[in-house]
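A short worksheet on the structure shown next.
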There are 2 protein chains.
Amino acid sequence: MLRLLQAEFADVTISKIRFLESEGLVTPGRTASGYRKFSAADVDRLRYVLAAQRDQYLPLKVIKEHLGAIDRGLSPAAAGPPVAPSSLPQTPGQPVADDFGAAGTELRLTREELRSAAGVSAELLGELESHGLVVARGNHYDGDAIVIAKVAADLAGYGLEPRHLRAFRTAADREVGLIEQVTGPRRTEQTGELAALTVRLHTALVRSRLPRP
Amino acid sequence: MLRLLQAEFADVTISKIRFLESEGLVTPGRTASGYRKFSAADVDRLRYVLAAQRDQYLPLKVIKEHLGAIDRGLSPAAAGPPVAPSSLPQTPGQPVADDFGAAGTELRLTREELRSAAGVSAELLGELESHGLVVARGNHYDGDAIVIAKVAADLAGYGLEPRHLRAFRTAADREVGLIEQVTGPRRTEQTGELAALTVRLHTALVRSRLPRP
DNA sequence: CTCAACCCTCGACCAGCGGTTGAGGTCCCA
DNA sequence: TGGGACCTCAACCGCTGGTCGAGGGTTGAG
């Protein structure tokens with residue numbers, strides 16, 4: 001069976017297969033005396049693993065998850081290729097990464113810098129400020145303001161204007177209030193962790209309540 | 001510009017970017033005094049690199065080839081996912097993390113499976129249900145329920161119990177209500193996009209309102 | 001029964017990737 | 001003119017994905 005796979009994958013060795021087994025990617029049967037006995041299904045599985053490594057460069061951890069998904073009757077989500085650069089309208093992107101750790105020095109943008117970084121009109125920005133969505137700290141704005149302004153601009157494209165977004169502000173305020181009740185008003189190690197958790201909770205709740213596809 | 005990318009990719013650091021430059025993946029301009037000066041195109045390029053790493057697990061060597069191909073006007077060959085072994089019932093995948101795209105077949109877990117997947121006590125799960133945080137759909141639970149239950153368990157470690165989390169439920173309901181006002185009660189292409197946007201808005205708002213480090 | 005050719009396990013070791021760290025120095029503007 | 005942000009370069013590091021070898025059992029041909 002080793003020869004069989006070697007026909008297809010040049011660099012497979014016994015030790016590699018043993019290693020893959022030790023990582024839980026295959027679990028061949030055993031003979032009475034302890035020799036491995038590979039079924040056709042085991043060989044298919046190995047083929048899948050080796051192909052995923054060679055052709056998709058996937059790390060074993062991810063391949064293992066895929067196999068797990070396949071076992072449970074799902075098919076692994078194959079992330080498409082990222083959007084090529086130099087196509088400018090990048091805005092509708094991934095949700096913001098859940099990083100609430102202590103950022104280094106904060107970005108300090110002037111109002112004009114913020115406007116151009118987010119690509120929003122002065123008018124929209126004004127509205128966002130008057131509804132308390134974007135706030136300046138001593139006449140400078142930080143990186144979150146960029147994200148907020150960009151998203152607000154996108155939402156405007158769906159007919160949602162700043163005034164419709166006030167509820168988000170109050171929800172966020174309440175969320176932060178809750179966090180501060182737990183960790184106190186000063187920023188600590190826990191503050192970021194807690195924020196990451198609550199935001200995850202929020203995200204999952206929203207998703208779970210969306211109409212089913 | 002570092003902060004700009006950090007909004008999208010949590011773990012980018014200055015040293016990482018310098019490393020990427022040393023590997024020839026970006027070549028930002030320099031000021032007279034030797035400081036790096038990143039053009040919008042450079043930032044796009046970095047975005048591409050980081051997205052490829054995070055979402056496709058591509059090694060830098062491969063990403064570099066892709067970039068080279070793009071520069072020469074080609075589009076990078078994206079290897080499709082390998083053929084699944086032993087062709088089990090192929091159903092579209094489980095939504096990963098913050099993916100609001102049209103999920104295919106949902107995960108369907110029994111209560112007990114959910115409990116063990118999330119690692120929570122029957123008691124906690126009961127409370128979560130009675131507060132409407134976790135809901136069964138015809139006595140099965142989906143993947144979001146796992147996330148919700150796990151996070152709730154973590155939050156319990158901070159003294160936040162299910163009853164403290166009701167506000168999250170109502171906030172999520174309102175958010176979904178708003179989305180449905182725009183896209184209608186049926187799930188469409190837009191529903192997911194809009195949800196991703198609002199969740200991003202929420203996240204950025206929370207972060208912006210956290211006490212400064 | 002014996003011997004060669006396999007197979008097993010387990011722990012030590014290893015190379016490369018993808019960065020991080022720190023020392024030593026420059027730049028710049030408040 | 002002080003301090004914070006930036007520079008370079010070399011050393012270091014942790015993790016992944018294995019390989020190697022010692023020590024020992026199994027199998028089948030002769």
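FYI, side chains are in, hydrogens and waters are out, and symmetry mates aren't considered; it's all heavy atoms of this structure. Letters A, B, ... are given to chains in the order of the sequence lines, protein chains preceding strands, and every chain is numbered from 1. Since the structure is predicted, the reported quantities are computational estimates derived from the model, not experimental observations.
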Between protein and nucleic acid, restricted to nucleotides 15-18 of chain D and to nitrogen or oxygen atoms under 3.5 Å apart, what atom pairs and distances do you find?
unit_1 : atom_1 : unit_2  : atom_2 : d
D/dG17 : OP1    : A/Leu60 : N      : 3.3
D/dG18 : OP1    : A/Lys16 : NZ     : 3.1
D/dG18 : OP2    : A/Gln53 : OE1    : 3.3
D/dG18 : OP2    : A/Gln53 : NE2    : 2.5

Look for any protein N or O under 3.5 Å of an N or O in nucleotides 1-4 of chain C and output each such pair with its distance, or none.
none

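A/Phe38 places its CZ atom 12 Å from the C1' atom of C/dC7, with the value rounded to the nearest Å. Per the geometry, CD1 belonging to A/Ile14 stands 9 Å off P belonging to C/dC8, to the nearest Å. One interatomic measurement links the two molecules: CD of B/Glu21 to P of D/dC6, which rounds to 14 Å at whole-angstrom precision. In this structure, the CD1 atom of A/Ile17 is 14 Å from the C1' atom of D/dT19, given to the nearest Å.
Atom OG1 of residue B/Thr13 and atom CG of residue B/Leu5 lie 11.0 Å apart, to the nearest 0.5 angstrom. Atoms CG and CZ, on A/Leu205 and A/Arg200 in that order, are 12.5 Å from each other to the nearest 0.5 Å.
A donor-acceptor pair is defined here as one N or O able to donate and one able to accept, closer than 3.5 Å; no such pair exists between the side chain of A/Arg45 and the backbone of A/Val26. Put simply, the side chain of B/Asp44 never gets that close to the backbone of B/Arg47: no donor and acceptor are under 3.5 Å apart. Judged by distance alone, with hydrogens and angles left aside, the side-chain atoms of B/Asp154 form no donor-acceptor pair with the main-chain N or O of B/Val151 at under 3.5 Å. Within the 3.5 Å criterion, the main-chain N or O of B/Glu23 finds a donor-acceptor partner in the side chain of B/Lys64. B/Arg209 places no side-chain N or O within 3.5 Å of a backbone atom of A/Ala172 that could act as its donor or acceptor partner.
Here A/Val62 pairs with A/Leu58, A/Pro59, A/His66, B/Tyr57 under the side chain to side chain contact (heavy atoms under 4.5 Å, CB included) rule; sequence neighbours left out. Applying the side chain to side chain donor-acceptor pair (under 3.5 Å) rule to A/Tyr35 yields no partners; only residues at least two apart in sequence or on another chain are considered.
Residue B/Arg18 places no side-chain N or O under 4.0 Å from the OP1 or OP2 atom of D/dT8.
When both distances must be under 3.5 Å, the Watson-Crick or G-U wobble mate of D/dG30 is C/dC1.
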Which donor-acceptor pairs under 3.5 Å do the side chains of residues 130-138 of chain A make with protein atoms, sequence neighbours left out?
unit_1   : atom_1 : unit_2   : atom_2 : d
A/Ser130 : OG     : A/Glu127 : O      : 3.0
A/His131 : ND1    : A/Glu127 : O      : 3.0
A/Arg137 : NH2    : B/Ser208 : O      : 3.0

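For the contact set between residues 26-37 of chain B and DNA chain C, defined by any heavy atom under 4.0 Å, the members are B/Ser33, B/Tyr35.
Side-chain contact check for B/His164 and A/Gln181: no donor-acceptor pair (N or O, by modelled atom type) lies under 3.5 Å.
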